[in-house]
There are 2 protein chains.
Amino acid sequence: MVETKEKILDTAEQLFGEKGYAPTSLRQVIAAAEVNLAAVHYHFGSKEELLDALIHRKADGVNQERLARLERLEAQAGNRPIPVRALLEGFLMPMVGVAESHPQFVRLIGRVQAEGLLPGIVQKHFQPIAKRYIAALRRSIPNLPEPEFLWRVHFMVGAMAHTMGGTPIFPGPPEAFHGRMRKLVTFLTAGFLAPAGKPEEK
Amino acid sequence: MVETKEKILDTAEQLFGEKGYAPTSLRQVIAAAEVNLAAVHYHFGSKEELLDALIHRKADGVNQERLARLERLEAQAGNRPIPVRALLEGFLMPMVGVAESHPQFVRLIGRVQAEGLLPGIVQKHFQPIAKRYIAALRRSIPNLPEPEFLWRVHFMVGAMAHTMGGTPIFPGPPEAFHGRMRKLVTFLTAGFLAPAGKPEEK
DNA sequence: GTCTATACTGAGATAGAC
DNA sequence: GTCTATCTCAGTATAGAC
């Protein structure tokens with residue numbers, strides 16, 4: 001039954017987003033979805049693969065919008081570097097639409113990314129596009145030493161994951177996610193454009 | 001035996017830092033520490049309280065240095081606001097010493113903070129001092145609207161947790177932690193000092 | 001006061017009947 | 001495709017040895 005599979009996916013997305021991946025047991029999922037425990041393993045193989053399928057289901061849409069925005073920016077810019085702020089907006093704002101329709105999904109992504117327990121399960125779905133953005137970002141910030149640039153990307157990932165997955169300071173309605181992301185873009189843009197730290201101390 | 005308790009703490013710190021809190025079972029800890037399973041519950045009560053004791057053991061030192069630095073900065077500044085960069089250094093750099101002697105501990109703190117599964121277990125030990133720093137930071141950035149300021153604190157926490165707990169881009173020796181933290185301070189300083197985002201869009 | 005042995009419940013996973 | 005029964009391993013609780 002295709003219904004069973006969908007029901008498991010929907011329920012798992014809901015519960016994983018609310019309470020987190022690790023603390024939610026498959027038994028809670030199957031109870032809420034009113035299916036049998038073995039059905040999960042039949043359809044997905046394992047709890048981790050269920051999570052994987054969950055992310056896969058929605059990642060494509062985000063990836064496509066991210067890619068479209070990047071290509072538009074590149075076309076507009078021609079040979080000139082793209083403004084840092086525009087790149088960060090192109091990467092981050094596509095999450096807003098998803099957050100408004102499926103807030104639990106965005107929380108889940110942030111949580112799983114931050115937990116780092118499932119190494120690479122988020123990367124697997126978002127890495128290819130992320131790499132293109134990072135390359136474009138590099139072209140827009142050519143004077144920063146490479147390690148400092150890469151660490152700034154690292155800082156961005158942390159801030160992003162925590163903003164999407166962490167308990168928000170102001171809970172607020174889903175629409176508030178838009179403003180939150182804009183504030184994040186402002187913050188990160190300034191961080192990326194900061195002059196390189198002095199290398200005096202190792 | 002005081003030895004048993006210490007052995008459990010040391011071993012747990014090591015393993016939790018390496019693999020994370022949730023994925024490390026108590027049975028792995030007691031096997032490595034060569035003690036009995038029930039001894040953990042005798043001395044600590046539960047896995048979560050073991051983690052708590054672990055953090056407590058090292059948090060005091062960090063907190064004291066953070067406080068000392070803040071008071072020195074306040075004394076120097078008199079009535080003038082303290083430079084943002086100096087505040088962020090005062091808060092972040094005390095982690096460097098710990099990272100060099102006990103890198104696993106710093107990873108653990110970052111991981112647990114990022115996981116968010118044990119809500120408040122990190123806050124419990126660091127919140128009081130953090131609040132004082134946040135208040136001082138506020139005095140140094142008086143023109144930013146309150147929500148935007150608080151969100152920037154939130155972004156900082158995410159970047160910090162990911163930098164301490166996440167898999168580093170360049171593994172490197174423990175001494176490298178110093179340079180990493182300096183880069184983080186540079187990045188965050190610029191982020192905090194960025195002009196407020198336009199409120200045009202909600 | 002410290003620690004050991006053992007058992008209990010609930011987790012994810014799997015084999016095999018239907 | 002689906003469900004029952006069962007396996008292993010997790011965290012936890014307790015009775016009792018020293």
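Chain letters run A, B, ... following the sequence lines, proteins first, then strands; residues in each count from 1.
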Of Q104(B), H102(B), R57(B), the residue whose pairing with D10(B) passes side chain to side chain donor-acceptor pair (under 3.5 Å): R57(B)
Spacing of Y21(B) atom OH relative to dA10(D) atom C1', expressed in whole Å: 12 Å
Integer-rounded Å distance: dT2(C) C1' and L37(B) CG: 15 Å
Value in whole Å for how far the C1' atom of dA13(D) lies from CD of E48(B): 17 Å
Integer-rounded Å distance: dA13(C) P and L51(A) CG: 12 Å
Phosphate contact (dT2(C) OP1 or OP2) by Y42(B) side-chain N/O below 4.0 Å: yes
Integer-rounded Å distance: dG12(C) C1' and L50(A) CG: 12 Å
F187(A) ring center within less than 6.0 Å of F192(B) ring center: yes
Phosphate OP1/OP2 of dA13(D) contacted by H41(B) side-chain N/O (<4.0 Å): no
Minimum heavy-atom distance between L92(B) and M181(B), given as atom pair plus value: O-CE, 4.0 Å
Base dG10(C) paired with R27(A) side chain (donor-acceptor, <3.5 Å): no
d(CD, E34(A); C1', dT2(D)) in whole Å: 16 Å
Atom pair distance, as rounded to whole Å: CG in N36(B) and P in dA7(C): 14 Å
Presence of H43(A) side-chain N/O under 4.0 Å of dT2(D) phosphate oxygens OP1/OP2: yes
dG12(C) OP1/OP2 closer than 4.0 Å to side-chain N/O of S46(A): no
5′-ward residue of the pair L26(A)/A38(A) relative to DNA chain C: L26(A)
Between dG12(C) (C1') and I8(A) (CD1): distance, integer Å: 14 Å
salt_bridge(R80(B), E74(B)) N-O dist < 4.0 Å: no
OP1 or OP2 of dT2(C) under 4.0 Å from side-chain N/O of T4(B): no
Parallel, tilted or perpendicular: rings of H125(B) and H56(B) (30°, 60°): tilted
Touch class at under 4.0 angstrom, heavy-atom based, for A39(A) against every strand present: nothing
